[in-house]
Amino acid sequence: MDNNIVAYIDLLAFSNHLRENTSDALMAMNNYNTILSSKIRDEITNPVPSYPEELQELAKMHSIDSFDFFLPFSDSVFLMSGDCSSFIKQLGSLVLQSFTLTARFYTNPIDPSKPEKGYINNYSINKDGELVVNKGECNYYPALFRGGLAYGEAFPIELSSVIDKVPNKAKVITGKAVVNAVQLESSVKGPRLVFCQDVFDQLNEDARDYCRIIPEKNNMYEILWPALEYIKQNDLFQCQQEIQKMYGIILPAYNLWKAYNHTPFSAHYFNLIELIIASTIKFYDKKCQLKDFAISKIQEWANEYGIQDKIDIGRY
């Protein structure tokens with residue numbers, strides 16, 4: 001009971017998306033469901049031990065074998081694990097892939113003022129029995145999570161429930177760590193996964209490489225989940241080539257921020273840009289000893305897009 005890590009994660013802006021368009025908002029929820037379902041299938045058909053030894057560490061990082069519980073409720077999820085170090089990386093992988101699933105729509109948006117705008121094919125059968133395809137507009141809202149993590153007392157219990165009018169049992173997790181995780185989730189802006197010293201103390205050195213102290217909150221850490229886009233097993237030359245992956249996540253973030261600058265959503269997306277920068281710098285410093293190389297690429301990008309005055313490299 002006293003040695004578990006709990007995460008409470010919440011889809012950013014989901015209630016606003018629901019007010020705008022229910023079916024499109026549900027597609028954002030389906031993003032993480034698609035990624036989780038894929039990971040569940042992989043866990044069954046290709047468990048980590050089935051990979052060649054040199055690939056097992058990478059496979060485990062993107063697995064979900066540390067998830068003891070994953071309990072969704074509406075746009076929120078409670079998770080629990082007894083393996084803090086693996087859980088930090090695997091949660092980060094889930095969050096990253098949930099965002100990148102639709103990131104291509106924001107990279108080259110149809111409408112720069114509304115980057116999530118897209119089209120979807122609707123299928124029907126006409127009176128002659130022929131398949132008809134109609135293209136309709138939709139919104140591919142980004143699946144971005146904000147979350148809090150805490151360590152300590154957490155345990156599952158079963159409670160009575162009713163499902164489709166049938167009495168049933170439902171599992172929930174409770175305990176002091178659950179309360180602390182929920183409180184932490186609302187303490188920051190943007191898609192950040194934050195925690196305090198109690199969690200950091202449980203992490204091994206490798207897991208700590210994917211975390212940092214939040215500059216404006218010296219007693220709080222966060223997971224650098226965009227860093228999981230890079231592969232630490234690559235050699236020096238591959239690391240230099242892999243910097244291209246940064247553009248695949250920072251350009252969508254930039255286009256979202258630009259579209260919603262000077263709105264209540266602006267801080268969320270700018271914090272995402274900062275998180276990607278911090279993740280890239282730390283990864284290239286720790287894994288490839290190419291910190292100066294990463295910084296130069298970030299500065300090139302910032303200059304190209306005219307936001308160099310907003311990017312303070314020293315903060316990252």
Side-chain angles (χ1 to χ4, degrees), residues 35 48 51-63 85-86 88-108 144 191-193 203-213 215 221-258 269-316:
I35 298 300
V48 173
Y51 285 86
E53 187 174 348
E54 64 272 16
L55 295 178
Q56 286 187 13
E57 184 180 0
L58 180 62
K60 186 172 181 62
M61 188 177 297
H62 298 289
S63 171
S85 294
S86 293
I88 286 283
K89 292 180 287 186
Q90 292 180 2
L91 175 61
S93 172
L94 176 71
V95 169
L96 170 66
Q97 292 177 30
S98 296
F99 173 61
T100 57
L101 188 64
T102 54
R104 70 184 187 278
F105 292 103
Y106 327 128
T107 303
N108 296 294
L144 289 167
R192 308 168 86 164
L193 306 174
L203 304 180
N204 61 28
E205 194 61 34
D206 184 60
R208 290 180 180 185
D209 285 346
Y210 291 95
C211 305
R212 72 159 181 169
I213 292 180
Y221 298 81
E222 68 180 324
I223 302 174
L224 297 173
W225 54 265
L228 288 148
E229 182 75 350
Y230 309 116
I231 301 175
K232 71 174 186 175
Q233 288 82 3
N234 283 341
D235 59 30
L236 196 63
F237 174 76
Q238 290 170 322
C239 276
Q240 289 175 310
Q241 300 301 307
E242 202 168 51
I243 195 71
Q244 297 297 323
K245 287 185 174 180
M246 179 185 72
Y247 305 116
I249 47 178
I250 202 168
L251 287 179
Y254 168 79
N255 285 331
L256 286 164
W257 170 73
K258 186 178 179 182
Y269 294 129
F270 193 76
N271 282 343
L272 174 57
I273 292 172
E274 292 196 310
L275 186 60
I276 295 167
I277 291 172
S279 299
T280 301
I281 290 175
K282 185 160 188 181
F283 176 86
Y284 275 85
D285 183 29
K286 290 287 186 178
K287 302 302 179 184
C288 311
Q289 290 75 55
L290 290 171
K291 181 178 180 179
D292 291 341
F293 168 77
I295 289 174
S296 69
K297 292 297 182 182
I298 291 165
Q299 289 174 330
E300 285 177 13
W301 172 81
N303 289 336
E304 181 181 352
Y305 284 84
I307 61 168
Q308 64 274 14
D309 59 324
K310 299 182 181 296
I311 304 298
D312 180 6
I313 294 296
R315 294 184 73 246
Y316 312 123

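Only a predicted model underlies this, so the values are computations on that prediction, with no experimental measurement involved.
- The two atoms that bring Arg212 and Ala278 nearest to each other are NH1-CB, 3.6 Å, heavy atoms only.
- Asn234 CG: more than 12 foreign heavy atoms inside a 6.0 Å radius.
- Annotation: ring pair (Phe, Tyr, Trp, His ring centres under 6.0 Å) contacts of Tyr51 (sequence neighbours excluded): none.
- Remark: Ile276 CD1 to Trp225 CH2 distance equals 6.5 Å, nearest 0.5 Å.
- Formation of a donor-acceptor pair under 3.5 Å by the Asp285 side chain with backbone atoms of Ile281 is not found in this model.
- For Pro252 against Ala103, the heavy-atom pair with the smallest separation is CG-O, 3.5 Å.
- Proximity of a side-chain donor or acceptor of Ser63 to a complementary backbone N or O of Ala59 within less than 3.5 Å is not detected.
- The shortest side-chain heavy-atom distance between Phe283 and Pro226 does not fall under the 4.5 Å cut-off.
- Between Leu272 and Ala253, the shortest heavy-atom distance links the atoms CD2-CB, 3.6 Å.
- Using a 4.5 Å heavy-atom threshold, the side chains of Ile295 and Thr280 count as separate.
- For the pair Gln90 (side chain) and Lys60 (backbone), a donor-acceptor distance under 3.5 Å is present.
- For Tyr284 and Tyr230, the ring centers are positioned less than 6.0 Å apart.
- Lys232 and Asp209 are not joined by a salt bridge, as no carboxylate oxygen comes within less than 4.0 angstrom of a charged side-chain nitrogen.
- Atom CD1 of Ile223 is separated from atom OG of Ser93 by 11.5 Å, given to the nearest 0.5 angstrom.
- Between Ile249 and Phe99, the closest heavy-atom pair is O-CE2, 4.1 Å.
- Minimum interatomic distance between Leu228 and Met61 (heavy atoms only, all atoms of both residues): CD2-SD, 3.2 Å.
- Looking at heavy atoms from C-beta onward, Cys211 lies in side-chain contact with Leu203 at the 4.5 angstrom threshold.
- When the shell of 6.0 Å around CD of Glu53 is examined, it contains 12 or fewer heavy atoms from other residues, nucleotides or ligands.
- Looking at Tyr247 and Thr107, their side chains never come closer than 4.5 Å, going by heavy atoms from C-beta outward.
- Under a 3.5 Å cut-off, the side chain of Gln238 and the backbone N or O of Asp235 do form a donor-acceptor pair.
- Applying the salt bridge (Lys or Arg N to Asp or Glu O under 4.0 Å) test to Glu242 and every residue at least two apart in sequence or in another chain returns Lys245.
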- Steps toward side chain to side chain contact (heavy atoms under 4.5 Å, CB included) verdict (Lys297, Ile243): CA-CA 8 Å; Lys297 292 297 182 182; Ile243 195 71; 4.0 Å; yes
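- Between the CD1 atom in Ile35 and the CG atom in Leu94 there is a gap of 7.5 Å [rounded to 0.5 Å].
- With values rounded to the nearest 0.5 angstrom, Tyr269 atom OH is found 5.0 Å from Leu256 atom CG.
- A distance-only check finds no donor-acceptor pair linking the side chain of Ser85 to the backbone of Ala207 [under 3.5 Å].
- Separation of atoms CE (Met246) and CD1 (Ile298) is listed at 5.5 Å; rounding is to 0.5 Å.
- A donor-acceptor pair under 3.5 Å links the side-chain atoms of Asn255 to the main chain of Tyr106, judged by distance alone.
- Annotation: side chain of Lys287 is not in contact with side chain of Ile231 (no heavy-atom distance under 4.5 Å).
- Glu57 is listed as a side-chain neighbour of Gln233, based on a closest heavy-atom distance under 4.5 Å.
- The main-chain N or O of Leu224 is never found under 3.5 Å from a side-chain atom of Lys282 such that the two would form a donor-acceptor pair.
- In this structure, the separation between CD1 on Ile311 and CD1 on Ile273 is 6.5 Å, given to the nearest 0.5 Å.
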